[in-house]
K.L.:
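I have a structure I would like to understand better, so I am pasting it below and will then ask my questions one at a time.
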Amino acid sequence: MSAAAPSTVTFESRFATELAEMAIPWKAEEVPDPRLLVLNEPLAAELGFDPEFLRSPEGLPLLIGNEVPDGATPVAQAYSGHQFGGFSPRLGDGRALLLGEIADVGGRLRDIHLKGSGRTPFARGGDGFAVVGPMLREYVVSEAMHALGIPTTRSLAVVATARSVQRETELPGAVLTRIASSHLRVGSFQYARVAGDIELLRRLADHAIARHYPDAAEADNPYLALFEAVISAQASLVAKWMLVGFIHGVMNTDNMAISGETIDYGPCAFMDAFDPATVYSSIDENGRYAYANQPVVAEWNLTRLAEALLPLFDDDEERAVALAQESLGAFRRQYSAAWLAGMKAKLGLDSSIADDVASPLIDELLGLLQEGRVDYTSFFRRLGTAARGQGEPIRTIFPEPDAFLAWAERWRALNPDADMMDRVNPAYVPRNHLVEEALDAATNGDLGPLRLLLEAVTDPYNERPGVERYAEAAPETFGPYRTFCGT
Ligand code: AMP
Ligand code: MG
């Protein structure tokens, strides 16, 4: 495949034109001295861009919205959202813009979006900017998620703006160029619903169906089919998060995508020691978005989506509520099935092994991991070694291994498949201490550690020499860890 010249990439403005009530045409802030920090070359090629062009002085302004391509109408998108349970009718892109949509080389429509591009009419008290550390954090974590096989928005580039942005201290500013299959959120539907405009709500739902779930259009009740498709996508997504130990950190309804992609990497983190109550976000004081709460919150958010869609389900409200409730019931079943199948795979167990054999074994193991505060990622990877008959590396993880050894004997009797385990248990995830190290260095001008980290986490299942330290648990001296949001 030869990379196309920029002029052959055609921008569309479907959201801006089809949903004009939810789009405010706006311009990105001029950046006089942009400097490319990181460019995702494989993704650029997938989108049909020539990476060399994007790196050039002519291409760089495109990445930050300072050059608006033909056909593009940059807009700030309107949406509402429940933030930590409280409803805000008017959030929207306060510091972000949708540049437009493009068809990638596979013909899929992708959003090109900017984060940190200046204040918009939705900025409220915010300055509209973003800083280097958190934008690189989104880049690393989203690309790691993609490599792990988890649906996610992608990161095309981070560009430093040479502007200093006031946070707790002055920090270097940056713009992230984000790629998504769309930026439709649960909060987008809440916005259309509170606007009280059923025709707008229907147009938004039709737009979502066309873009993400075209089969729903053929169903008897297309809007209920749309809702059910979102339920399935979220059940599958959140199960994947749980299996890999990912904590989103700020699962507000404005941060839940209709596509089923992970979106909005703020205070997210991968769990180090296994503990269901783990919370890293500094603003999540009550643990609403703790690791173990994520499926419950996803279901809560989907209930908010149902409320927004009700008038489309049926003209009779009682009937609409009954339909919504029936559909919502599928979430738990689908989530549990996906999680259990994934856990069996993590343990190398054949899918034919009965649930009432596998489930108690899994529950007991998770109890042992919690008691021993065992590092989640390296445990499962090392368990693969144990499945190959080398028990020593895993035994030393537990200070008092007797209970674990008894568990392992029962597990080994089920003939775990070590190769299968290595395909689903990553060796490398963006561990908190490594992310901090890389972002600190990058904020001080050294991109070396970031490049090494990216190299490790974008090929997570292939354990290899040279990157050993990226597979190891955080040193005892690291922590307690805190992440920060919206910076
Ligand atoms: P988030 O926590 O990133 O999902 O953002 C929640 C809301 O706050 C969205 O409406 C954002 O656009 C807005 N927001 C976050 N940071 C800023 C900022 N620095 N300036 C303006 N708006 C912001
Ligand atoms: Mg958000």
Side-chain angles (χ1 to χ4, degrees), residues 22-24 26-29 31 64-65 74-99 111 113-139 141-142 152-153 155 158 161 163-176 178 180 182-191 194 247-259 261-269 279-285 288-289 297-298 301 304-305 482-487:
M22 301 178 63
I24 300 181
W26 205 253
K27 266 192 161 146
E29 188 106 351
V31 176
I64 53 174
V75 293
Q77 290 179 293
Y79 48 82
S80 307
H82 276 90
Q83 299 182 302
F84 291 92
F87 186 65
S88 296
R90 188 182 154 95
L91 287 172
D93 291 333
R95 55 161 172 176
L97 291 175
L98 174 67
L99 275 188
D111 273 10
H113 177 97
L114 310 173
K115 192 161 168 180
S117 49
R119 299 191 79 228
T120 76
F122 298 110
R124 294 167 292 156
D127 60 13
F129 298 128
V131 296
V132 165
M135 294 308 101
L136 289 175
R137 183 189 181 80
E138 171 152 349
Y139 188 105
V141 181
S142 64
T152 178
T153 63
S155 297
V158 177
T161 61
R163 178 187 284 120
S164 58
V165 178
Q166 189 62 44
R167 293 290 179 261
E168 277 176 18
T169 57
E170 287 212 336
L171 291 168
V175 175
L176 170 79
R178 178 158 81 182
S182 88
H183 283 79
L184 303 176
R185 309 144 188 268
V186 170
S188 311
F189 285 86
Q190 293 180 294
Y191 183 89
V194 296
I247 304 172
H248 183 283
V250 60
M251 289 177 71
N252 294 334
T253 57
D254 50 305
N255 293 338
M256 186 187 257
I258 296 302
S259 64
E261 289 178 342
T262 312
I263 191 169
D264 250 328
Y265 292 85
C268 62
V279 175
Y280 291 117
S281 169
S282 62
I283 56 169
D284 191 1
E285 285 159 13
R288 180 181 171 91
Y289 301 138
V297 172
N301 288 349
R304 305 288 82 76
L305 177 61
R482 278 277 161 271
T483 56
F484 300 89
C485 187
T487 44

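Please read these numbers as outputs of a predicted model, since none were measured by experiment. Start at 1 and go down the list; that is how both ligands and their atoms are numbered.
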K.L.:
Between CG of N255 and CG of N301, what distance do you get to the nearest 0.5 Å?
P.N.:
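If we round to the nearest 0.5 Å, N255:CG and N301:CG are 9.5 Å apart.
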K.L.:
I'd like to check whether G92 has a polar contact with ligand 1, where a contact means an N/O of the residue lying under 3.5 Å from an N/O of the ligand.
P.N.:
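Indeed, backbone or side chain, G92 has an N or O that close.
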K.L.:
Using distance alone, determine whether G94 and ligand 1 share an N or O pair under 3.5 Å.
P.N.:
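The answer is yes, given that G94 and ligand 1 share an N or O pair closer than 3.5 Å.
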K.L.:
With rounding to the nearest 0.5 Å, note down the distance linking CG in L176 to CZ in R137.
P.N.:
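Reported value, rounded in 0.5 Å steps: 13.5 Å.
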K.L.:
What atoms of ligand 1 come closer than 4.0 angstrom to any heavy atom of N255?
P.N.:
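Answer for ligand 1: 4 (O).
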K.L.:
Measuring to the Mg ion (ligand 2), does N255 have an N/O/S atom at a distance below 2.8 Å?
P.N.:
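Given the 2.8 Å cut-off, N255 counts as a ligand of the Mg ion (ligand 2).
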K.L.:
Please walk me through it: do S142 and S155 pass side-chain hydrogen bond (donor to acceptor under 3.5 Å, both in side chains)?
P.N.:
CA-CA 7 Å; S142 64; S155 297; 2.8 Å; yes
K.L.:
If you consider just the N/O/S atoms, which atom of D264 is the closest one to the Mg ion (ligand 2)?
P.N.:
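Sorting the N, O and S atoms of D264 by distance to the Mg ion (ligand 2) puts OD2 first.
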K.L.:
With a 4.0 Å heavy-atom cut-off (strictly under), which part of R167 contacts ligand 1: side chain, backbone, both or neither?
P.N.:
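Contact part for R167 vs ligand 1: side chain (C-beta onward).
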K.L.:
For a quick test of reading the model, state the closest non-hydrogen atom pair linking T483 to P267 and the distance between them.
P.N.:
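Looking at all heavy atoms of both residues, the closest pair is OG1-O, 2.7 Å.
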K.L.:
Report the part of F129 (side chain from C-beta onward, or backbone N, CA, C, O) that has a heavy atom under 4.0 Å from ligand 1; answer both or neither where that applies.
P.N.:
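Under 4.0 Å from ligand 1, F129 contributes backbone atoms alone.
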K.L.:
If the plane angle is over 60° it's perpendicular, under 30° parallel, otherwise tilted; pick one for Y289 and F84.
P.N.:
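It falls in the tilted class, 30° to 60°.
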K.L.:
Below a 4.0 angstrom heavy-atom separation, can you tell me which part of Y79, side chain or backbone, both or neither, approaches ligand 1?
P.N.:
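For Y79, the contact with ligand 1 is made by the side chain alone.
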K.L.:
Is the contact between D127 and ligand 1 made by the side chain, the backbone, both, or neither, using heavy atoms and a 4.0 Å cut-off?
P.N.:
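D127 to ligand 1: contacts from backbone and side chain alike.
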K.L.:
Aromatic contact between Y265 and Y139, with the criterion being ring centroids under 6.0 Å apart: yes or no?
P.N.:
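No, the ring of Y265 stays outside the 6.0 Å limit from the ring of Y139, centre to centre.
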K.L.:
Geometry only, no angles: is Q83 polar-contacting ligand 1 at N/O separations under 3.5 Å?
P.N.:
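Not met; the criterion fails.
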K.L.:
If you measure from CG on D111 to NE2 on H183, what distance do you get to the nearest 0.5 Å?
P.N.:
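These two atoms lie 5.5 Å from each other.
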K.L.:
How long is the span from the OG atom in S80 to the CG atom in D254, to the nearest 0.5 Å?
P.N.:
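Reported to 0.5 Å precision, the distance equals 9.0 Å.
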K.L.:
What I want to know is whether R124 and ligand 1 share at least one N or O pair that is separated by under 3.5 angstrom.
P.N.:
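Yes; at least one N/O pair falls below 3.5 Å.
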K.L.:
With a sphere of 6.0 Å drawn around CD of Q166, does it hold more than 12 non-hydrogen atoms of other residues, nucleotides or ligands?
P.N.:
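Yes - once you tally the heavy atoms of other residues, nucleotides and ligands closer than 6.0 Å, there are more than 12.
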K.L.:
Is there a polar contact between ligand 1 and D93, counting only N or O atoms under 3.5 Å apart?
P.N.:
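No; the residue has no nitrogen or oxygen that sits under 3.5 Å from a nitrogen or oxygen of the ligand.
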K.L.:
For ligand 1, which is the ligand I care about here, please tell me if G128 has any N or O atom under 3.5 Å from one of the ligand's N or O atoms.
P.N.:
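Min N/O separation from ligand 1 is below 3.5 Å for G128.
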